[in-house]
Q: 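Quick one: this structure, given as structure tokens, is what I'll be asking you about.
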Amino acid sequence: SIALTGLGAKTVTTALRFDPIRLPEHCQELRREVRAFLADEVSAGTFDPLRSGSAEGEDAKAFSRRVGRRGWIGMTWPKKYGGQERSFLERYVVTEEMCVANAPVLPFFVADRQSGPTLIRYASEQTKQSILPRIIRGEASFCIGMSEPGSGSDLFAAKCKKGTPPAIATIRMRASR
């Protein structure tokens, strides 16, 4: 319960109660599918659900590609860019199961939830056609930098330097104070 104290020193206690919800059958089926996939990945030794960060580097990237082949990256995105136009509830089901299993989602999480939708909204068509399918296949990772004045980070002072391109140009950022 929560105690709320008002202006006149009265205390109101309210118990919070959330009614359980039942997912639609298609979401329950998706949940079973994701759980079976994750159980197979754990059995194969891809990651340890009891250890955060147990899959890194190439293992995590390979996992991302397998998740992409399942259609679970960019699943709410337009079909025009490789998405499936599935519901946000379905994406929630997949996300919840991945998080509960402690699956190695870092290589695709930001691209799926933030960078991809930003590109869909603001990028040129050429950029969309180039990058979005790679995100959906689990082949492209993104990170975001955030800066908050007075918090110890100073991304406005970051300097960029173009790296040596393997197949795709790389930008390396180094922040300095």
Side-chain angles (χ1 to χ4, degrees), residues 18 20-120 123 127-146 153 155 161-175:
F18 296 97
I21 63 164
R22 186 161 207 50
L23 290 172
E25 182 53 39
H26 72 280
C27 288
Q28 291 181 31
E29 177 56 36
L30 176 61
R31 182 179 300 267
R32 287 188 291 271
E33 183 183 341
V34 174
R35 286 180 177 176
F37 168 78
L38 292 169
D40 289 346
E41 291 290 323
V42 169
S43 293
T46 302
F47 67 96
D48 179 352
L50 302 177
R51 259 189 40 232
S52 183
S54 64
E56 296 177 341
E58 291 306 314
D59 289 337
K61 290 177 186 178
F63 175 80
S64 295
R65 290 189 297 273
R66 289 190 295 277
V67 171
R69 282 194 294 273
R70 292 286 188 140
W72 296 335
I73 302 174
M75 58 193 296
T76 61
W77 298 1
K79 289 181 180 181
K80 176 180 181 179
Y81 303 116
Q84 299 194 19
E85 297 180 3
R86 293 179 79 167
S87 72
F88 286 95
L89 180 58
E90 290 168 295
R91 183 178 82 178
Y92 169 78
V93 167
V94 172
T95 301
E96 181 179 55
E97 291 303 321
M98 294 280 181
C99 290
V100 167
N102 213 4
V105 299
L106 289 179
F108 63 85
F109 193 83
V110 171
D112 184 28
R113 304 309 191 281
Q114 293 171 304
S115 303
T118 300
L119 291 171
I120 289 169
T127 299
K128 292 175 190 177
Q129 294 294 335
S130 171
I131 297 174
L132 295 174
R134 288 185 285 170
I135 292 173
I136 287 173
R137 291 190 305 264
E139 297 171 358
S141 298
F142 283 73
C143 67
I144 53 175
M146 297 181 185
S153 64
L155 292 178
K161 179 180 177 185
K162 185 176 180 188
T164 307
I168 301 166
T170 315
I171 302 286
R172 291 188 183 155
M173 294 185 69
R174 293 193 181 140

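Just the heavy atoms: all of them, side chains too, but no hydrogens, waters or symmetry mates, feed the values below. Computed from a predicted model, the values in this text were never measured in an experiment.
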Q: Atom CE of Met98 and atom OG1 of Thr95: how far apart are they, to the nearest 0.5 Å?
A: 8.0 Å

Q: Specify the closest pair of heavy atoms between Ala111 and Trp77, including all atoms of both residues, with the distance to one decimal.
A: O-CZ2, 3.6 Å

Q: With rounding to the nearest 0.5 Å, note down the distance linking CG in Asn102 to CG in Asp48.
A: 8.0 Å

Q: Would you find a donor on one side and an acceptor on the other, under 3.5 Å apart, between the side chain of Ser141 and the backbone of Pro107?
A: yes

Q: For Leu38 and Ala103, which heavy atoms make the closest approach, and how far apart are they?
A: CD2-CB, 4.0 Å

Q: Taking it one step at a time, do Leu89 and Leu23 satisfy side chain to side chain contact (heavy atoms under 4.5 Å, CB included)?
A: CA-CA 9 Å; Leu89 180 58; Leu23 290 172; 3.9 Å; yes

Q: So Phe63 and Phe37, would you call those rings parallel, tilted or perpendicular, with 30° and 60° as cut-offs?
A: tilted

Q: Rounded to the nearest 0.5 Å, how far does SG of Cys27 lie from CD of Glu33?
A: 12.0 Å

Q: Which is it for Arg134 and Ile131 under the side chain to side chain contact (heavy atoms under 4.5 Å, CB included) test, yes or no, and what are the steps along the way?
A: CA-CA 5 Å; Arg134 288 185 285 170; Ile131 297 174; 3.4 Å; yes

Q: Check this for me: does any side-chain nitrogen of one of Arg35 and Glu97 sit under 4.0 Å from a carboxylate oxygen of the other?
A: yes

Q: Run through Arg32, His26, Arg31 and flag the one making a side chain to side chain contact (heavy atoms under 4.5 Å, CB included) with Glu29.
A: Arg32

Q: Tell me if a side-chain donor or acceptor on Arg70 pairs with a main-chain N or O of Arg66 at a distance below 3.5 Å.
A: no

Q: Which heavy-atom pair separates Pro78 from Ile120 by the least distance, and what is that distance?
A: CD-CD1, 3.8 Å

Q: State, to 0.1 Å, how close Lys128 and Pro133 come at their nearest heavy-atom pair, and which atoms those are.
A: O-CD, 3.4 Å

Q: Just verifying a value: how many Å separate Leu30 CG and Glu90 CD, rounded to the nearest 0.5 Å?
A: 6.0 Å

Q: So Tyr81 and Leu119, side chain to side chain contact (heavy atoms under 4.5 Å, CB included) or not? Walk me through it.
A: CA-CA 11 Å; Tyr81 303 116; Leu119 291 171; over 6 Å; no

Q: Do the side chain of Gln84 and the main chain of Met75 share a donor and acceptor less than 3.5 angstrom apart?
A: no

Q: Phe47 and Ala101: which non-hydrogen atoms are nearest, and at how many Å?
A: CE1-O, 3.1 Å

Q: Would you mind reporting whether Ile135 and Ile73 have side-chain heavy atoms less than 4.5 Å apart?
A: yes

Q: Could you walk me through whether Arg137 and Arg65 pass the side chain to side chain contact (heavy atoms under 4.5 Å, CB included) test, one step at a time?
A: CA-CA 6 Å; Arg137 291 190 305 264; Arg65 290 189 297 273; over 6 Å; no

